[in-house]
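For reference, the structure discussed in these notes is given below.
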Amino acid sequence: ASDEMAGLCGFWIAPRFYGGKIIQPDNLVVAETHRGSGLGTQLLQWIEALGRSEHCDMSVLDTYTHNVKSHKLYHREGYHILGYHFAKTL
C-alpha cells in the first residue's frame with residue numbers, strides 16, 4: 001500500500017440568497033497519478049449525498065476558467081455555469 005494521498009475535497013454548508021441551503025465542494029484535488037480513475041466523481045457524489053442528508057437545496061462550486069479538465073467533470077456530473085466568481089486582492 002502506498003502512503004500517497006490520492007485526492008481530497010473540502011466543503012461547507014451555508015445559506016445563500018440565490019440557492020437556499022447549499023453545500024459547496026471546495027478545492028477538489030486528485031493526484032495526477034489517480035486522474036481518470038473516477039475518484040473525482042466519487043468525491044463529488046459523496047459530498048452530494050451528504051448535502052441531501054443535510055437537506056441542502058443545491059450543490060455549488062467554483063473552478064478556474066483555465067481548468068478545462070475540471071469543467072468536463074462538473075458538466076458530466078450535472079453542474080452548469082450560472083455566472084462568474086469575481087475576486088479582488090485587498
Side-chain angles (χ1 to χ4, degrees):
S2 172
D3 288 337
E4 175 188 0
M5 182 179 295
L8 61 87
C9 185
F11 67 90
W12 64 80
I13 295 174
R16 294 287 186 258
F17 289 122
Y18 64 85
K21 186 176 180 183
I22 61 105
I23 190 164
Q24 183 162 353
D26 189 41
N27 293 312
L28 191 153
V29 179
V30 175
E32 279 192 49
T33 54
H34 290 81
R35 291 182 187 157
S37 69
L39 182 56
T41 299
Q42 290 176 346
L43 288 167
L44 277 177
Q45 290 175 350
W46 184 87
I47 288 173
E48 291 168 6
L50 177 64
R52 286 185 200 91
S53 74
E54 294 292 327
H55 308 287
C56 293
D57 299 301
M58 62 185 340
S59 175
V60 300
L61 54 82
D62 292 327
T63 185
Y64 290 108
T65 55
H66 65 272
N67 191 350
V68 177
K69 287 183 180 181
S70 74
H71 303 169
K72 290 178 182 178
L73 167 64
Y74 301 139
H75 283 298
R76 189 172 63 242
E77 289 302 308
Y79 290 80
H80 59 278
I81 299 169
L82 289 178
Y84 293 102
H85 183 99
F86 288 87
K88 179 181 179 179
T89 302
L90 301 178

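Values reported hereafter were calculated over all heavy atoms of this structure, with side chains retained and with hydrogens, waters and symmetry mates removed.
- Side-chain contact between Met58 and Arg16: absent, with no pair of heavy atoms (C-beta onward) separated by less than 4.5 Å.
- Remark: Cys56 SG to Gln24 CD distance equals 11.0 Å, nearest 0.5 Å.
- Note that the OH atom of Tyr74 and the CG atom of Leu44 stand 6.0 Å from one another [nearest 0.5 Å].
- Lys72 is listed as a side-chain neighbour of Val68, based on a closest heavy-atom distance under 4.5 Å.
- Here the side chains of Thr41 and Arg76 are in contact, with some heavy-atom distance below 4.5 Å.
- Two residues are said to be in side-chain contact when any heavy atoms from C-beta on lie closer than 4.5 Å; Ile23 and Arg52 fail this criterion.
- Taking CD1 from Ile13 and NE2 from His55, the interatomic distance works out to 10.5 Å, rounded to the nearest 0.5 Å.
- Under the 4.5 Å side-chain heavy-atom criterion for grouping Ile, Leu, Val, Met, Phe, Trp and Tyr, Leu39 is connected to Leu73 within one hydrophobic cluster.
- Between Tyr79 and Pro25, the shortest heavy-atom contact is OH-CG, 4.4 Å.
- One hydrophobic cluster, built from ILVMFWY side chains closer than 4.5 Å, cannot hold both Leu61 and Ile22; they sit in different ones.
- Within the model, atoms CG of Asp62 and CG of Leu28 stand 13.0 Å from one another, a figure rounded to the nearest 0.5 Å.
- Within a 6.0 Å sphere centred on OH of Tyr64, other residues, nucleotides and ligands contribute 12 heavy atoms or fewer.
- Distance check, rounded to the nearest 0.5 Å: OG1 of Thr63 to NE2 of His85 gives 11.5 Å.
- With a 4.5 Å cut-off on side-chain heavy atoms, Glu4 and Thr33 count as touching.
- Residues Ile47 and Leu50 fall within the same hydrophobic cluster, defined by Ile, Leu, Val, Met, Phe, Trp and Tyr side chains chained together at heavy-atom separations under 4.5 Å.
- Nearest heavy-atom pair, Arg35 versus Val30, reported as atom, atom and distance to 0.1 Å: NE-O, 2.8 Å.
- Residue-environment remark: NZ (Lys21) exceeds the threshold of 12 foreign heavy atoms within 6.0 Å.
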